[in-house]
Amino acid sequence: MTGDLPKNPVFCAIDTPDLAHALKLALDVKDHVGGLKVGLEFFNHQGPDGVRQIVEMGSPVFTDLKFHDIPNTVAGAVRGIARLGPTLLNVHAAGGLAMMRAAKEAAIETAGDKAPLVIGVTLLTSLNETDLERQSIAGSSEDHVRRLAALTQEAGLDGVVCSAREIETLRRDCGNDFRLVVPGIRPAGSSLDDQKRVMTPGEALAAGADVLVIGRPITAADSPSEAARQIAATLGT
Ligand code: C5P
């Protein structure tokens, strides 16, 4: 089922080190979201067994582990994660063409027609142009994201993680089949937390996003299931 994404575009970020808390959140929200995202915090506390338990709850899972190493090592890491059955996984586009190709090949070799979509992380939203300058990367952050998205596409990956403000440009640059996975989404009226450039779920979808990663507006709500249900309702999913 490579290429299939759920109709509801919201993946709820389950950012906790605690397995019982993660399973409870997953159970609470899973009927109102398209999928669940687990990242480095959860993985480094709970490991593959923890991820397997989340996958076994039956929702599509995005393993957001942002691999970045030499091609051989990343291929090995992808083989390890792909056998757990995620729907999406990611690697850093800055790891280069050969690394991204190795990741994609490893995903297909491990999971065949059930292989996860392999997504390239462009520029972490915690970095700004001063950070780029200090790494001797010339030009604007938008130029850098566009170059990395083009490289990701050339490597044959399925899409990129980008910020809301790049959705329209990347949709134009990369065409309709390239998946745009977007964090930093905030329902109207909710707290920004530490996110700086945000869009509402409806705005991000209208701009051309495919997957909306939403964490704290759901997980920190008094009722996570109700918060997720309300977001789904605004999207008509
Ligand atoms: O709670 P919140 O909605 O801000 O969570 C966003 C999720 O997306 C977190 O898991 C965070 O690690 C992830 N993310 C992000 N910005 C990026 C890449 C990933 O916020 N550039």
Side-chain angles (χ1 to χ4, degrees), residues 4-19 21-68 77-78 80-82 84-92 103 107 115-122 124-126 157-164 167 179-187 190 193-195 198-199 201 204-205 209-221 224-225 227-229 231-232 235 237:
D4 285 355
L5 280 173
K7 184 164 166 280
N8 182 335
V10 176
F11 273 63
C12 180
I14 308 278
D15 289 319
T16 170
D18 183 75
L19 182 61
H21 185 212
L23 291 173
K24 181 174 182 319
L25 276 173
L27 189 65
D28 257 16
V29 304
K30 76 186 187 65
D31 292 338
H32 306 292
V33 295
L36 306 165
K37 179 180 90 75
V38 290
L40 284 170
E41 184 180 13
F42 180 78
F43 186 77
N44 282 290
H45 283 86
Q46 301 301 333
D49 277 350
V51 174
R52 199 175 280 116
Q53 290 192 54
I54 300 282
V55 170
E56 280 170 2
M57 300 197 69
S59 290
V61 171
F62 173 16
T63 49
D64 177 19
L65 302 178
K66 300 186 180 70
F67 297 137
H68 190 171
V78 168
I81 283 295
L84 303 177
T87 298
L88 294 145
L89 64 79
N90 59 7
V91 301
H92 269 285
L117 296 175
V118 181
I119 304 293
V121 176
T122 54
L124 294 174
T125 43
S126 50
L157 299 204
D158 302 289
V160 287
V161 182
C162 65
S163 80
I167 299 171
R179 311 305 166 93
L180 302 180
V181 176
V182 185
I185 301 294
R186 288 291 177 271
S190 72
D193 304 307
D194 51 359
Q195 297 285 4
V198 301
M199 267 191 191
L205 268 197
D210 297 293
V211 170
L212 310 176
V213 173
I214 307 180
R216 288 160 291 179
I218 297 174
T219 57
S225 65
R229 194 195 62 72
I231 292 170
L235 297 174
T237 52

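The chain is numbered in sequence order, starting from 1.
You'll find the side chain of Pro9 reaches within 4.5 Å of the side chain of Thr237, heavy atoms only. Between Thr87 and Pro116 the shortest side-chain heavy-atom distance does not fall below 4.5 Å. Using a 4.5 Å heavy-atom cutoff, the side chains of Cys162 and Val182 are in contact. Looking at Ile218 and Val33, their side chains come closer than 4.5 Å, going by heavy atoms from C-beta outward. When side chains are defined from C-beta on, Val160 counts as touching Leu180, because their heavy atoms get closer than 4.5 Å. Side-chain contact between Glu41 and Thr16 is absent, with no heavy atoms from C-beta onward closer than 4.5 Å. Thr63 places none of its side-chain heavy atoms less than 4.5 Å from the side chain of Asn90. Side chains of Pro201 and Ile185 form a contact here, defined as non-hydrogen atoms less than 4.5 Å apart.
In this view, Asp15 satisfies the salt bridge (Lys or Arg N to Asp or Glu O under 4.0 Å) rule with no residue, not counting sequence neighbours. In this view, Arg216 and Asp193, Asp194 satisfy the salt bridge (Lys or Arg N to Asp or Glu O under 4.0 Å) rule, not counting sequence neighbours. The side chain to side chain donor-acceptor pair (under 3.5 Å) check on His45 picks up nothing, with sequence neighbours excluded. Residues that satisfy the side chain to side chain donor-acceptor pair (under 3.5 Å) test with Ser59, not counting sequence neighbours, are absent from this structure.
Nearest heavy atoms, Pro60 versus Gly34: CD-O, 3.1 Å. Closest non-hydrogen pair, Asn8 versus Ala232, comes out as ND2-CB, 3.9 Å. Listed here is the closest heavy atom pair of Ala209 and Ile167: N-CG2, 3.5 Å. Heavy atoms only, all atoms of each residue included: Leu157 and Gly120 are closest at CD1-N, 4.0 Å. The two residues Ala221 and Pro217 come nearest to each other via the heavy atoms CB-O, 3.7 Å.
In this structure, CD1 on Ile119 lies 8.0 Å from CG on Leu89, to the nearest 0.5 angstrom. Phe42 contributes atom CZ, which lies 5.0 Å from atom CG of Leu19 (distance to the nearest 0.5 angstrom). Remark: Gln46 CD to Asn44 CG distance equals 10.5 Å, nearest 0.5 Å. Between Leu40 atom CG and Leu65 atom CG the span is 5.5 Å, to the nearest 0.5 Å. The distance from atom CG of Leu124 to atom NE2 of His92, rounded to the nearest 0.5 Å, is 5.0 Å.
Looking at Val29, Leu27, Thr219 one by one, the single match for side chain to side chain contact (heavy atoms under 4.5 Å, CB included) with Pro224 turns out to be Val29.
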- Tell me, with the steps shown, if Leu117 and Asp4 meet side chain to side chain contact (heavy atoms under 4.5 Å, CB included). CA-CA 9 Å; Leu117 296 175; Asp4 285 355; over 6 Å; no
Please report, to 0.1 Å, the donor-acceptor pairs under 3.5 Å made by any side chain of residues 47-57, with sequence neighbours excluded.
| residue | atom | partner | partner atom | Å |
| --- | --- | --- | --- | --- |
| Asp49 | OD1 | Arg52 | NH1 | 2.8 |

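Side chain of Thr125 to backbone of Ser163: no donor-acceptor contact under 3.5 angstrom is found.
Taking the six-membered ring where tryptophan is involved, the planes of Phe11 and Phe62 are perpendicular, since the angle between them exceeds 60° and thus also 30°.
Residue pairs that meet the side-chain hydrogen bond (donor to acceptor under 3.5 Å, both in side chains) test with at least one member in residues 24-39, sequence neighbours left out, are Lys37-Asp64.
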